[in-house]
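Below, each value reflects all heavy atoms present in this structure, side chains not excepted, and no hydrogens, waters or symmetry copies. Whatever order the structure lists them in is the order used to number ligands and atoms, beginning at 1.
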Amino acid sequence: MDAFATLRPHLDRCGADAWALVASIGNRTAAPPPGITRPTYSAAEELAAEAVIAFARERRLVVNPDAFGNLHVTRPGDPAGRAVASGSHLDSVPNGGNYDGLAGAVAAVTVLAAAEAAGLRLRRPLLAIAMRGEESPWFGTAYIGSRLMLGHSTLPEIGDLRRADSGRGLADHLRALGYPGAPGAVLDPADLDCFLELHIEQGPLLEAADAPLGIASAIRGNVRFPSARCRGVYGHSAALPRSHRQDAVLAVAELALALDTYWAGLIGRGDDSFVATVGKFFTDPSQHAMTKVAGEVGFSLNVGSTTPDVLAAARAFILDEVARISAKRGVVFDLGPEVGTAPVALSARLIGMAEDSASALGIPALRMPTVGHDAAMFALKGVEASVLLMRNQNGSHNPDESMTEEDFLSGVRVLARTMLLAADAG
Ligand SMILES: [Zn+2]
């Protein structure tokens, strides 16, 4: 592909600068230790935005922050038309890693900077978007910047959400940083040809497969019971025979193990998209004791899949098991409120272009499902979307999250070539 050959030397130069930019933002948002903390609509997230703006403007790109602080980066001479867009988010979880979000946001700007330096003329305009507030710990909900920008939610609807650390409202935080929060949606999905997100993998599969790149097949949806309870009866640990126990710990443990066996069965039948997690499991510290049979357990259930039918079947399995275990053990389950999201299909056309790019560049790539990212907000608005995953070490949402410069540059190259293919496609 001629355009990519022209781009390549500029991309390698800009890519090295971009890696230094990511490191420098990390160094300046590393307090309090450990790890990286860039709260949604905080001074630290704002620092990251300002550094990205400076990087883009130094490379003759045009930057427009929108009403919610998302950065829209364009090339001055691009033609009008539906844009080939890419981006990710600038915030982090508390004491998280530097690459989750930031690496993809900077990569998108890097592609535009290199295209500008190379003087590429393309059929479609390129757009890089650095988004705000993707991580849910701050306001209790994810994708705030992209949701507001694309009109999934309005500020009047969610402006009263309070940030966990400051206790202040979302609208208040926006105002304090000088973002008007109005008008509402500022990016019309009809103006986009497609949206590609480059993101770290956050899991161990690429490392295990010795592949620097993943190409997401779909974004998992989930069914979640965040605050379930099981009530049994407290009893004397020595005096109560097994036949008379209504043990809440064993009941929830049996449910968790049944779900794990169900998961293993799905894997055995070739379904690698399913996940199941009991992330919370606790007795009541004001009542529990080593010498008491547990009378109550609080827990959470969280199952995910890329296929709606698999999610529905898992949900039915959970309800059947709850009924069976209740009868067997004399306990009462209350699963509490149910929340969840639908799986999001990703674009077969973009997956094909990304696979073509990875193979043309000699970069081993693995097709795999992924978790929720800003790209889901675009796909749910009918924009063709794709997620490319960079190999990273030590997982994510923790201070040990890690990535090599070479893997970052491989991701940038595949992203760039895929964007050029999309921007020149008929
Ligand atoms: Zn992320």
Side-chain angles (χ1 to χ4, degrees), residues 18 21-22 25-26 29-30 35-42 44-45 48-49 52 68-71 85-110 128-150 152 164 195-207 213-216 218-222 275 302 304 341 344 346 368-380 385-403 407-408 411-412 415:
L21 171 68
V22 169
I25 292 172
T29 52
I36 300 297
T37 301
R38 291 189 287 267
T40 297
Y41 295 121
S42 67
E45 191 198 41
V52 170
F68 310 108
N70 304 297
L71 306 178
S86 176
S88 195
H89 60 95
L90 299 174
D91 62 327
S92 78
V93 298
N95 306 109
N98 194 32
Y99 306 104
D100 179 345
L102 179 64
V106 169
V109 177
T110 303
I129 316 173
M131 286 165 280
R132 312 295 288 254
E134 190 270 349
E135 301 286 5
S136 61
W138 304 110
F139 286 99
T141 183
Y143 319 119
I144 286 178
S146 53
R147 266 167 65 181
L148 290 166
M149 175 179 78
L150 290 162
H152 289 283
F195 178 82
L196 293 119
E197 181 163 3
L198 180 64
H199 198 280
I200 61 166
E201 181 203 356
Q202 306 179 276
L205 289 180
L206 293 174
E207 184 83 347
L213 193 84
I215 297 173
I219 295 176
R220 279 195 186 92
N222 52 61
V275 288
N302 177 4
T341 58
V344 177
L346 295 170
M368 56 198 286
T370 187
V371 299
H373 298 296
D374 286 302
M377 295 296 101
F378 290 80
L380 291 172
S386 168
V387 179
L388 306 179
L389 300 161
M390 290 176 282
R391 172 168 57 189
N392 78 289
Q393 291 76 38
N394 311 327
S396 179
H397 290 187
N398 74 69
D400 296 325
E401 179 194 283
S402 173
M403 185 169 58
D407 284 352
F408 172 70
V412 170
L415 174 69

Return the set of residues passing side-chain contact (heavy atoms from CB on, under 4.5 Å) with Ala130 (not counting sequence neighbours), or none when no residue passes. Leu71, Leu90, Ala105
Qualifying salt bridge (Lys or Arg N to Asp or Glu O under 4.0 Å) pairs, either residue in residues 387-400, two or more places apart: Asp210-Arg391, Arg391-Asp407
Assign the ring pair Phe195 / Phe378 to parallel, tilted or perpendicular, where the plane angle (0 to 90°) is split at 30° and 60°. parallel
Supply the atom-to-atom distance Ile25 CD1 to Ser92 OG, rounded to the nearest 0.5 angstrom. 12.0 Å
Could you tell me the separation between the CZ atom of Arg38 and the CD atom of Glu45, rounded to the nearest 0.5 Å? 9.0 Å
For Glu135, which residues count as a salt bridge (charged side-chain N to carboxylate O under 4.0 Å, His left out) partner, sequence neighbours excluded? none
For distances below 2.8 Å, what is the count of protein N, O or S atoms around the Zn ion (ligand 1)? 3
